[in-house]
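Note sheet for the following structure.
Since the model is a prediction, treat every value here as computed from it, not as a measurement.
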2 protein chains.
Amino acid sequence: MKPKLTLKQIARELDVSVSTVSKALRDKTEISEDTRQKIKAFAKLYNYRPNNIALSLKNRKTRTIGILIPEIVHHFYATVIAGIEKVAHEQGYNVIICVSNNSFDHEVMNLEMLAGGSTDGFIVAVAKETQQRGDYHHLKEVIHQGMPMVLFDRIVEEVECDKVIIDDEEGACMAVKHLLERGCRRIGIITTVDYVSVGKLRTQGYRKALESCGIPVDEQLVLKIEDMDRSEEQIAQFLREQKMDGIFGVNEEFSTSAIRALHKMGVKVPDQVRVVSFSDGSLSARFIPSLTTINQHGAEMGEKAANLLINRLEADPGEEEPYKTQMIHTSLVERESSL
Amino acid sequence: MKPKLTLKQIARELDVSVSTVSKALRDKTEISEDTRQKIKAFAKLYNYRPNNIALSLKNRKTRTIGILIPEIVHHFYATVIAGIEKVAHEQGYNVIICVSNNSFDHEVMNLEMLAGGSTDGFIVAVAKETQQRGDYHHLKEVIHQGMPMVLFDRIVEEVECDKVIIDDEEGACMAVKHLLERGCRRIGIITTVDYVSVGKLRTQGYRKALESCGIPVDEQLVLKIEDMDRSEEQIAQFLREQKMDGIFGVNEEFSTSAIRALHKMGVKVPDQVRVVSFSDGSLSARFIPSLTTINQHGAEMGEKAANLLINRLEADPGEEEPYKTQMIHTSLVERESSL
DNA sequence: TTTCAACACGAAAACGTTTGCAAGCCAGTG
DNA sequence: CACTGGCTTGCAAACGTTTTCGTGTTGAAA
């Protein structure tokens with residue numbers, strides 16, 4: 001690993017002082033036109049790049065944003081990251097991504113690592129395990145230490161900071177209403193257990209939509225999947241036991257599993273059963289039949305989160321605004337599965 | 001942004017020198033048991049964490065790996081990243097991810113940024129635009145500056161460094177042979193234009209498989225998609241014009257588009273036409289019919305790349321081994337589309 | 001009492017920057 | 001000639017660490 005070109009070396013070569021070099025490269029008029037040109041030419045020739053680390057140390061700013069997400073092999077998070085990247089780069093920030101793999105311990109470790117000077121602030125979606133055990137001291141601690149944080153998607157109420165969330169309830173409501181408009185009367189929902197915040201909200205939206213149309217909620221039609229690995233069979237069983245004309249799946253996995261099971265049963269989608277899904281992926285458009293979905297606008301979410309964070313990072317001390325929670329609205333994309 | 005606790009502050013509070021604190025925390029016997037305990041207790045109480053930036057500057061090592069990929073909203077890259085993350089974290093390395101969005105300029109910018117001291121080395125898949133224009137000076141430059149780099153997936157021959165590639169040709173060959181075994185005789189391929197290295201290799205594999213079975217390649221059955229946005233119609237047209245009993249799609253998009261088009265034409269998969277796809281996603285297993293695929297083992301690729309890089313980073317100077325190119329083998333996963 | 005080793009700690013340099021300030025030089029002015 | 005002022009440039013401190021090399025204080029041996 002060759003040592004990189006530093007100010008000191010340039011200074012030695014050109015027989016001037018380090019400060020002169022620094023000033024020349026920063027185009028200070030303090031340095032005579034002659035010397036400045038000479039130094040800049042030399043720097044360009046040998047391709048000088050200032051050392052970010054040294055700059056970070058000096059400025060006590062890294063211009064780096066840390067992202068901490070539960071999993072990366074997930075289309076939704078990928079889109080959020082893309083959104084964050086976009087505005088971060090526009091504003092001259094770099095991005096570090098860490099993945100907790102939905103483990104509490106990993107989350108704590110990564111957070112400590114990032115807080116150790118590598119980043120100026122965080123954008124975080126908490127791990128499932130963390131939500132489950134309800135221990136948020138690590139989040140509170142880094143905030144307490146003065147690092148700005150934005151929570152998104154999997155947020156936690158108890159932590160005070162900026163937040164960006166999807167209007168899950170509204171989205172679910174929209175989905176179910178769409179099914180109602182299409183004439184469905186017995187609408188089932190395939191959702192997650194309640195400690196997953198988004199699942200809970202979507203279930204709420206489902207209830208709300210039905211109630212607002214005066215249809216009582218039949219608890220038989222609410223399937224909560226605990227174990228993702230056994231979801232296929234549970235869904236198949238659910239579909240065999242309950243007679244429905246509409247299904248709302250809170251994610252693509254559940255919805256496609258349902259359609260697959262119906263397909264095996266010889267039930268036609270959308271002719272006999274219509275399906276609407278929450279979506280985070282590219283699967284929906286390609287599926288046969290293509291899925292009517294509630295789109296989540298992950299990129300927009302990432303952009304908002306990044307903007308919130310950067311605003312806070314660049315706010316003058318004492319000028320801090322109160323914490324905000326921004327809502328991302330969903331939109332219904334009609335496709336074949338609910339025609 | 002509260003200033004974080006530093007050695008200097010601990011020293012002041014406890015009325016000792018900075019060096020004493022540093023040594024105590026690092027458990028040097030030089031410092032008396034008493035003072036050591038006192039300092040460690042204090043540090044623990046106030047939750048002292050050494051500043052990574054300062055350490056990086058001092059050690060001229062960041063223990064950070066830079067990943068540069070063309071796009072993140074892509075299941076394959078997500079799996080590779082997951083693999084890299086895994087071994088990086090095991091070895092105490094951090095990971096920075098940058099995305100070029102397939103733009104040459106972005107790639108150059110990001111590379112310069114990362115090379116500016118933020119990382120010890122790179123793992124890179126080059127942008128499509130870069131492959132197209134064949135300008136690799138930026139890659140060569142950072143290598144020349146002494147930063148180790150590992151290229152993966154979208155590699156470039158001209159750059160001398162470690163590489164990890166998928167055996168695309170072998171995979172394609174396997175796919176086509178599978179179709180032949182299933183009795184297909186007129187097998188079409190839907191692939192990319194040749195400047196995309198993986199597309200080219202997969203096309204070669206296709207030819208090889210046919211030739212090895214004594215079947216001449218009919219150029220009419222080779223569809224090269226240039227413009228992804230118009231792929232749907234091109235594929236539909238291709239299927240209408242050519243009579244085939246087997247189709248090999250070099251990615252999930254092409255394969256599912258083909259099945260969709262066949263579906264519309266009333267042609268049954270796999271009964272009338274069998275389909276095999278290269279795969280990088282989770283779509284295959286869920287699709288109806290589920291897709292027989294050539295799996296790419298992205299995580300394994302990431303792990304290998306990370307190991308290669310870390311080995312080089314930790315090699316003693318003068319001990320460097322010659323550059324290696326590691327091959328990842330693909331595997332055939334049989335599902336419904338080729339039954 | 002002197003000398004010396006062992007022990008406990010501190011000073012300072014280094015990593016690569018930036019920047020306020022001091023200082024040198026030269027020309028012009030009184 | 002002595003000052004002043006402008007123009008250049010260098011010095012040094014600072015960011016938070018680690019580490020080498022002192023240095024001062026013991027207690028014991030000579």
Side-chain angles (χ1 to χ4, degrees), chain A residues 1-40 42-43 46-64 113 115-120 145-146, chain B residues 1-40 42-43 46-64 113 115-120 145-146:
Chain A
M1 172 107 173
K2 261 165 261 172
K4 293 199 42 172
L5 186 57
T6 73
L7 289 185
K8 200 191 284 189
Q9 293 174 48
I10 301 184
R12 203 181 310 134
E13 292 296 327
L14 263 44
D15 213 40
V16 291
S17 80
V18 176
S19 34
T20 307
V21 179
S22 171
K23 287 170 187 164
L25 293 177
R26 310 217 119 223
D27 250 338
K28 307 263 183 196
T29 51
E30 217 181 336
I31 305 300
S32 72
E33 186 63 23
D34 263 17
T35 346
R36 231 190 306 164
Q37 289 313 323
K38 191 177 59 177
I39 292 175
K40 288 174 86 169
F42 187 93
Y46 289 101
N47 204 0
Y48 168 78
R49 300 262 167 264
N51 181 320
N52 289 336
I53 297 289
L55 286 179
S56 297
L57 183 58
K58 181 108 189 65
N59 303 330
R60 277 179 291 181
K61 290 251 168 96
T62 62
R63 293 197 82 80
T64 300
M113 191 161 202
S118 318
T119 56
D120 294 343
Q145 286 182 7
Chain B
M1 169 106 175
K2 262 166 260 170
K4 293 200 39 171
L5 185 59
T6 73
L7 289 185
K8 199 191 286 190
Q9 293 174 47
I10 302 184
R12 204 182 308 135
E13 292 296 328
L14 264 44
D15 213 41
V16 291
S17 80
V18 177
S19 29
T20 307
V21 179
S22 171
K23 287 171 190 164
L25 293 177
R26 310 218 119 224
D27 250 339
K28 306 264 184 195
T29 50
E30 214 182 325
I31 305 299
S32 71
E33 189 61 23
D34 263 17
T35 346
R36 232 190 305 162
Q37 290 312 325
K38 191 177 60 177
I39 292 175
K40 287 172 88 168
F42 187 93
Y46 290 102
N47 203 1
Y48 168 78
R49 298 263 167 263
N51 182 318
N52 289 336
I53 297 289
L55 286 178
S56 297
L57 182 58
K58 183 100 186 70
N59 303 330
R60 277 177 289 182
K61 289 255 168 89
T62 61
R63 292 200 82 80
T64 300
M113 192 162 202
S118 318
T119 56
D120 294 345
Q145 286 182 6

Once you round it to whole Å, what is the distance between C1' of dT18(C) and CG of L25(A)?
12 Å
Side-chain heavy atoms of T64(B) within contact of D120(B), under 4.5 Å
no
Between dT17(D) atom C1' and R49(B) atom CZ, what is the distance in whole Å?
16 Å
Residue pair S19(B)/L57(B) against DNA chain D: nearer the 5' end by closest nucleotide is L57(B)
Distance-only polar pair, side chains of S17(B) and T20(B), donor-acceptor under 3.5 Å
yes
Please give, in whole Å, the distance from dG10(C) C1' to R12(B) CZ?
16 Å
Interatomic distance where CG belongs to L7(A) and P belongs to dC15(C) [whole Å]:
13 Å
D27(B)/R36(B) ion pair, N-O < 4.0 Å:
yes
Side chains of Q37(A) and E33(A), donor plus acceptor under 3.5 Å:
yes
With a cut-off of less than 4.0 Å, is there a side-chain N or O of Y48(A) near OP1 or OP2 of dG16(C)?
no
What nucleotide among dT17(D), dC15(D), dG16(C) has an atom nearest to a side-chain atom of L55(B)?
dT17(D)
Atom-to-atom span, CZ of R26(B) to C1' of dG16(D) - whole angstrom:
13 Å
Grab the two heavy atoms, one from L14(A) and one from F42(A), that are nearest each other, plus how far apart they are.
CD1-CD1, 3.4 Å
Please find the pair of heavy atoms, one from V21(A) and one from I10(A), that lie closest to each other, and give the distance.
CG1-CG2, 3.9 Å
For G117(B) against I53(A), the heavy-atom pair lying closest together:
O-CG1, 3.1 Å
List, with names and distances, any nitrogen or oxygen atoms from the protein found under 3.5 Å away from nitrogen or oxygen atoms belonging to nucleotides 5-9 of chain D.
unit_1: dT9(D); atom_1: OP1; unit_2: T35(A); atom_2: OG1; d: 3.2
unit_1: dT9(D); atom_1: OP2; unit_2: S32(A); atom_2: N; d: 3.1
unit_1: dT9(D); atom_1: OP2; unit_2: S32(A); atom_2: OG; d: 3.0
unit_1: dT9(D); atom_1: OP2; unit_2: T35(A); atom_2: OG1; d: 2.7
unit_1: dT9(D); atom_1: O4; unit_2: E30(A); atom_2: OE2; d: 3.3

Of K58(B) and K28(A), the one whose closest DNA chain C nucleotide lies more 5'
K58(B)
Whole-Å distance separating the CZ atom of R60(B) from the P atom of dT17(D):
19 Å
Whole-Å distance, N51(A) CG to dA14(C) C1', equals 14 Å
Taking only the side-chain heavy atoms of T6(B) (C-beta and beyond), determine which of dT17(D), dT17(C), dT18(C) contains the nearest atom.
dT17(D)
For the pair made of CD1 in I39(B) and P in dT17(D), what is the distance, rounded to whole Å?
13 Å
